[in-house]
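Provided herewith is a single structure, encoded as structure tokens, for subsequent inquiry.
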Amino acid sequence: MRRIHHVGIVVNRLEEAYRFYRDTLGLPLIKEATIPDQHVRAALLGAGESEIELLEPLEPSSGIGRFLARRGEGLHHLCFDTPDIVKTLTSLKEMRVELLDEAPRPGLAGQIAFVHPRACGGVLVELATPSSATADDVPAPLRLKRLVIGASDVRRASDALRSHFGLEEVAMNSGPRTEEVGGIEGLVALSMVAEDFHTLTDAFARAGTSLLRGTGEVTVQPASSHGVNLHISRY
């Protein structure tokens with residue numbers, strides 16, 4: 001995997017989500033399209049070397065529509081950028097990893113395929129080989145720092161993600177960057193870094209964003225960020 005291509009967020013309406021993610025956070029809109037076979041209207045916004053994907057269901061019976069009805073707005077999936085999606089899928093099949101897509105198909109991010117959450121510690125993982133400009137070609141005031149994943153068995157989930165996708169476990173504060181969470185499986189929170197923290201906090205004040213302030217950091221309340229637990233810091 002070359003990078004995290006994007007993090008997918010399900011929203012009720014793109015226009016409403018734009019007011020926070022594009023207008024308040026200042027994330028540049030890279031691409032927007034309606035994807036008929038997925039019954040979704042989607043947009044990609046730049047966030048450093050990664051992107052934020054907003055997903056509006058067009059049919060309540062679609063996968064995204066059922067997610068919205070069951071869980072409400074919020075984090076939906078994680079997408080990795082892979083240079084050759086066909087080779088990646090072949091490798092995963094050889095490892096007997098459970099897939100939702102046996103072959104790639106067109107998506108907003110390029111040629112895409114999904115891995116079943118059961119194979120990834122409860123996380124829906126998308127694979128993409130992009131066919132157009134990437135987010136790091138577009139300046140953005142925020143960049144992705146960290147995703148928080150909840151797991152009932154942290155070690156098992158960590159081992160699966162490292163084995164399937166070639167990820168490395170890195171140290172933080174003299175220890176592994178994992179800790180027992182329990183209770184919730186899947187994507188829990190999104191952490192980002194602001195290039196200009198003062199400008200961002202001014203934008204929050206103008207927009208009336210509900211948040212908790214710390215020293216050099218803010219935590220946006222999910223009601224203001226369309227169901228996402230969002231943490232933004234200076235560093």
Side-chain angles (χ1 to χ4, degrees), residues 1-10 38 44 47-53 55 63-64 66-67 70-72 74-105 107-130 134-135 143-192 227-231:
M1 303 299 111
R2 292 185 289 201
R3 63 185 174 114
I4 292 178
H5 184 276
H6 68 259
V7 179
I9 300 171
V10 173
Q38 297 180 32
L44 289 172
E49 294 183 351
S50 301
E51 300 171 14
I52 298 295
E53 182 179 41
L55 300 157
I64 298 297
R66 293 194 302 272
F67 178 95
R70 185 172 66 253
R71 301 189 183 183
L75 293 169
H76 180 259
H77 69 271
L78 161 65
C79 178
F80 289 119
D81 178 333
T82 179
D84 189 329
I85 193 168
V86 174
K87 287 185 177 180
T88 299
L89 288 174
T90 299
S91 176
L92 291 172
K93 290 176 189 176
E94 291 173 349
M95 290 190 287
R96 300 183 182 276
V97 174
E98 186 174 2
L99 304 175
L100 290 173
D101 294 299
E102 296 286 330
R105 54 189 170 91
L108 192 61
Q111 289 296 305
I112 67 166
F114 281 91
V115 183
H116 201 291
R118 282 195 295 260
C120 305
V123 179
L124 177 61
V125 173
E126 180 182 2
L127 305 170
T129 297
T134 59
R143 60 180 171 85
L144 182 65
K145 179 180 181 180
R146 183 181 303 129
L147 285 171
V148 179
I149 296 172
S152 56
D153 186 327
V154 171
R155 176 48 56 194
R156 183 182 300 172
S158 175
D159 289 346
L161 291 170
R162 289 190 295 116
S163 171
H164 300 345
F165 308 116
L167 306 180
E168 295 183 3
E169 188 170 292
V170 296
M172 180 177 69
N173 299 330
S174 301
R177 192 170 287 184
T178 59
E179 59 180 271
E180 291 294 336
V181 178
I184 299 175
E185 283 199 333
L187 298 175
V188 172
L190 176 63
S191 179
M192 306 183 80
V228 177
N229 291 296
L230 177 62
H231 178 266

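Since this is a predicted model, take the numbers as computed values, not measurements.
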Inset, instruction - Kindly say whether Ile4 contributes a backbone atom to a donor-acceptor pair with the side chain of Ser50 at under 3.5 angstrom? - result: yes
Inset, instruction - Taking the side chain as every heavy atom from C-beta outward, state whether His116 and Leu99 have any pair of such atoms under 4.5 Å apart. - result: no
Legend entry - Exercise: do Glu126 and His6 side chains pair donor with acceptor under 3.5 Å: yes
Legend entry - His164 side chain vs Ala119 backbone, donor-acceptor pair below 3.5 Å: yes
Legend entry - Distance-only side-chain donor-acceptor flag, Gln111 / Thr129, under 3.5 Å: no
Legend entry - Plane angle bin for Phe80 and Phe165 - parallel if under 30°, tilted between 30 and 60°, otherwise perpendicular: tilted
Inset, instruction - Please examine the side chains of Leu147 and Val123, heavy atoms only from C-beta on, and report whether any two atoms are closer than 4.5 Å. - result: no
Legend entry - Exercise: identify the closest heavy-atom pair between Leu100 and Pro117: CD1-CD, 4.4 Å
Inset, instruction - To the nearest 0.5 Å, tell me how far Asn229 CG sits from Ser191 OG. - result: 11.5 Å
Inset, instruction - Kindly say whether His5 contributes a backbone atom to a donor-acceptor pair with the side chain of Asp81 at under 3.5 angstrom? - result: no
Legend entry - Separation of Lys93 NZ from Thr90 OG1 (nearest 0.5 Å): 5.5 Å
Legend entry - Ile149 and Leu187, any side-chain heavy atoms less than 4.5 Å apart: yes
Inset, instruction - Determine whether Val7 and Val228 make a side-chain contact, defined as any pair of heavy atoms from C-beta on separated by less than 4.5 Å. - result: no
Legend entry - Carboxylate-amine/guanidinium proximity below 4.0 Å for Arg162 and Asp159: yes
Inset, instruction - Determine, step by step, whether Glu53 and His77 satisfy the side chain to side chain donor-acceptor pair (under 3.5 Å) criterion, reporting the C-alpha distance in whole Å, the side-chain angles of both residues, the deciding distance to 0.1 Å, and the verdict. - result: CA-CA 9 Å; Glu53 182 179 41; His77 69 271; 3.2 Å; yes
Inset, instruction - Would you give the length of the straight line joining atom CG of Leu230 to atom CD1 of Ile9, rounded to the nearest 0.5 angstrom? - result: 8.0 Å
Inset, instruction - Kindly indicate, with the supporting measurements, whether the criterion side chain to side chain contact (heavy atoms under 4.5 Å, CB included) is fulfilled by Glu98 and Val115. - result: CA-CA 6 Å; Glu98 186 174 2; Val115 183; over 6 Å; no
Inset, instruction - Check the surroundings of atom CZ in Arg70: do more than 12 heavy atoms from other residues, nucleotides or ligands lie under 6.0 Å from it? - result: yes
Inset, instruction - Verify the neighbour count for atom NZ of Lys87: are there more than 12 heavy atoms of other residues, nucleotides or ligands below 6.0 Å? - result: no
Inset, instruction - State, with a plain yes or no, whether a side-chain heavy atom of Ile64 is found less than 4.5 Å away from one of His76. - result: yes
Legend entry - Over 12 foreign heavy atoms within 6.0 Å of CZ, Arg2: yes
Legend entry - Arg3 side chain to Glu49 backbone, donor-acceptor under 3.5 Å: yes
Legend entry - Student check: side-chain heavy atoms of Ile52 and Leu144 closer than 4.5 Å: no
Legend entry - Minimum heavy-atom distance between Cys120 and Leu161, given as atom pair plus value: CB-CD2, 4.2 Å
Inset, instruction - Quick one: closest heavy-atom pair of Glu185 and Ser152, and the distance? - result: OE2-OG, 2.8 Å
Legend entry - Spatial distance of atom CG (Leu108) from atom CG (Leu44) [nearest 0.5 Å]: 4.0 Å
Legend entry - Pro104 to Ala113 - nearest heavy-atom pair and separation: CA-CB, 4.4 Å
Inset, instruction - Could you tell me whether a side-chain N or O of Thr88 sits under 3.5 Å from a main-chain N or O of Asp84, the two making a donor and an acceptor? - result: yes
Legend entry - Contact summary for Met192 and Ala47, nearest pair of heavy atoms: CE-CB, 3.7 Å
Inset, instruction - With rounding to the nearest 0.5 Å, note down the distance linking CG in Asp101 to CG in Leu127. - result: 9.0 Å
